[in-house]
Structure formats: C-alpha cells, structure tokens
Amino acid sequence: MHLFKNLVITFVLMTSSLFAVGPGSDSMTKYNVRIGNCTADSLTVKWRLDSLMGEPTVSGSFKWDSYDDCRLPSSTKIWLKVSSGSNFYGYVKLSPVTPKANRGYGYNTTGSPNWNSAICGWGNQSHQCFDSSQAKSLWKQGSVTDFEVSW
C-alpha cells in the first residue's frame, strides 16, 4: 500500500507543474509611495499568480516601512499589472490584510477568481474586466511588470 501511495504522490507532484500556468511568483519594491494620509518609505509586494485544474489562483501580500506614525487604510488594495507586449495588459487585485508599518507582510489566503473577473482595470475601471478568453491568454503569456496601490 505504501508503494502505491508513494507512486500516486510522485505522479501528482510531477504532473501538477504541467497544469500550473500563470504569470508566476516574484516580488517588487517601490519607494516613497503615498497611500491615503501616509507615505511608505518602501513598499514591497510579493505574489503568486498560478492556475490549478484550469482555474486561476491568486495570492499575495505586502509590507511597508515608514518613518511616519500613521496607519494605512484597512481598505488598501494592491493591483498587479500583468503585461504581454506593450499594449496588452490588465490588473490583478490583491486584498491582503493591511499590515502595520515596519512589521512585515500582511496575511492573505490564496483565492481563485472566475476568469471573467481575474484581470481587470484598476481604480475607477476595476469593474471593466477581460472576458474569459482574453484573461486566459494574458494569464498564460503575461508577467507582472508593475503594481499600483488604491485604498
């Protein structure tokens, strides 16, 4: 029984990478970012945009350092810009728990949005999302090239 179980686990681990498609995992830092009434001396975002069984998976969080004694709004959102070529891009929203300054990353769990709401505009255009076909295409071909912050 152990041999069979080990074979199944090995098969799942080997084939899971075949189904995992997405912009990937990485991090990015910006400096002197204004957020609400605060200025982040540095703001670092880390993310993992992948897929599982044909559906998108989104995970990410951020940390910020500041000399100011202020708190970011709890509604702070990170918008990852996913680009494929210069004119084909959209944004993936991250909504982690907003951390306190100088305290490390906020908490977030992996989510799986519908394809027709996975990649959108940001800010006032956040309701304008790609259709499923366009989103899947950008998800497979794109990479994260920037991020924006809203609150």
Side-chain angles (χ1 to χ4, degrees), residues 9 12-13 15-151:
I9 290 171
V12 168
L13 291 174
T15 59
S16 65
S17 64
L18 297 175
F19 299 106
V21 176
S25 303
D26 207 347
S27 65
M28 185 180 296
T29 302
K30 287 187 176 183
Y31 300 92
N32 299 316
V33 178
R34 187 88 176 140
I35 307 167
N37 295 324
C38 297
T39 298
D41 298 315
S42 69
L43 187 142
T44 301
V45 177
K46 65 180 180 177
W47 64 86
R48 181 178 181 96
L49 305 179
D50 213 338
S51 62
L52 180 63
M53 299 178 67
E55 296 301 318
T57 59
V58 176
S59 179
S61 60
F62 71 96
K63 68 178 181 175
W64 66 293
D65 295 317
S66 179
Y67 297 111
D68 293 342
D69 184 25
C70 68
R71 295 186 134 200
L72 295 184
S74 61
S75 60
T76 301
K77 309 248 182 305
I78 304 295
W79 299 83
L80 301 174
K81 183 177 183 180
V82 178
S83 303
S84 177
S86 60
N87 294 323
F88 189 43
Y89 65 89
Y91 292 87
V92 174
K93 181 174 69 171
L94 300 179
S95 301
V97 171
T98 303
K100 294 181 181 178
N102 311 311
R103 299 267 178 99
Y105 288 94
Y107 176 76
N108 192 8
T109 58
T110 301
S112 182
N114 292 325
W115 279 114
N116 61 2
S117 62
I119 301 177
C120 305
W122 74 277
N124 292 335
Q125 290 80 34
S126 64
H127 62 281
Q128 298 173 352
C129 298
F130 286 38
D131 66 33
S132 295
S133 176
Q134 291 173 321
K136 288 176 185 178
S137 176
L138 185 55
W139 199 263
K140 290 177 184 176
Q141 299 170 10
S143 61
V144 176
T145 58
D146 197 6
F147 71 85
E148 302 291 340
V149 182
S150 69
W151 57 94

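These figures come from a predicted structure and were not determined experimentally.
- Rounding to the nearest 0.5 Å gives a distance of 7.5 Å between OG of Ser132 and CG of Asn114.
- Surrounding OH of Tyr105 are more than 12 heavy atoms belonging to other residues, nucleotides or ligands, all under 6.0 Å away.
- Pairing each heavy atom of Pro73 with each of Thr98, the nearest pair is O-OG1, 3.5 Å.
- Contact of the Val144 side chain with the Val82 side chain is registered, since non-hydrogen atoms from C-beta on lie closer than 4.5 Å.
- Annotation: side chain of Phe147 is in contact with side chain of Leu43 (closest heavy-atom distance under 4.5 Å).
- By the 4.5 Å heavy-atom criterion applied to side chains, Lys63 and Arg103 are not counted as neighbours.
- In terms of modelled atom types and a separation under 3.5 Å, the side chain of Thr39 and the main chain of Asn32 share no donor-acceptor contact.
- Between Trp139 and Trp115, the ring planes lie perpendicular to each other; the angle is over 60°, past the 30° to 60° tilted range.
- Between Pro113 and Pro56, the shortest heavy-atom distance links the atoms O-CG, 3.1 Å.
- Put simply, the side chain of Ser51 gets close to the backbone of Val21: a donor and an acceptor are under 3.5 Å apart.
- Atom CG of Leu49 sits about 10.5 Å away from atom CG of Asp26, to the nearest 0.5 Å.
- Atom OG1 in Thr29 sits 12.0 Å away from atom NZ in Lys46 (nearest 0.5 Å).
- Using a 4.5 Å heavy-atom cutoff, the side chains of Arg34 and Val149 are not in contact.
- With contacts defined as side-chain heavy-atom distances shorter than 4.5 Å, the pair Glu148/Asp146 qualifies.
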| request: Please assess Asp131 against Asn116 for the test side chain to side chain contact (heavy atoms under 4.5 Å, CB included), listing each intermediate value before the final yes or no. | output: CA-CA 5 Å; Asp131 66 33; Asn116 61 2; 5.7 Å; no
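- Going from atom NZ of Lys93 over to atom CG of Leu80 covers 12.0 Å, rounded to the nearest 0.5 Å.
- In this structure the side chain of Cys70 never reaches within 4.5 angstrom of the side chain of Asn37, judged on heavy atoms.
- A distance of 10.0 Å separates CH2 in Trp151 from SG in Cys38, rounded to the nearest 0.5 Å.
- Between the side chain of Asn108 and the backbone N or O of Gly60, at least one donor-acceptor pair lies under 3.5 Å.
- Shortest non-hydrogen contact noted between Phe130 and Phe88 is CE2-CE1, 3.6 Å.
- At a threshold of 4.5 Å between non-hydrogen side-chain atoms, the residues Ser84 and Leu138 count as touching.
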| said: Walk me through whether Cys120 and Tyr91 qualify under side chain to side chain contact (heavy atoms under 4.5 Å, CB included). | reply: CA-CA 5 Å; Cys120 305; Tyr91 292 87; 5.8 Å; no
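- The closest side-chain heavy-atom distance from Met28 to Trp47 is below 4.5 Å.
- Between the side chain of Trp64 and the main chain of Pro99, a donor-acceptor pair closer than 3.5 Å is present.
- In this structure, the separation between OG on Ser66 and CG on Asn102 is 6.5 Å, given to the nearest 0.5 Å.
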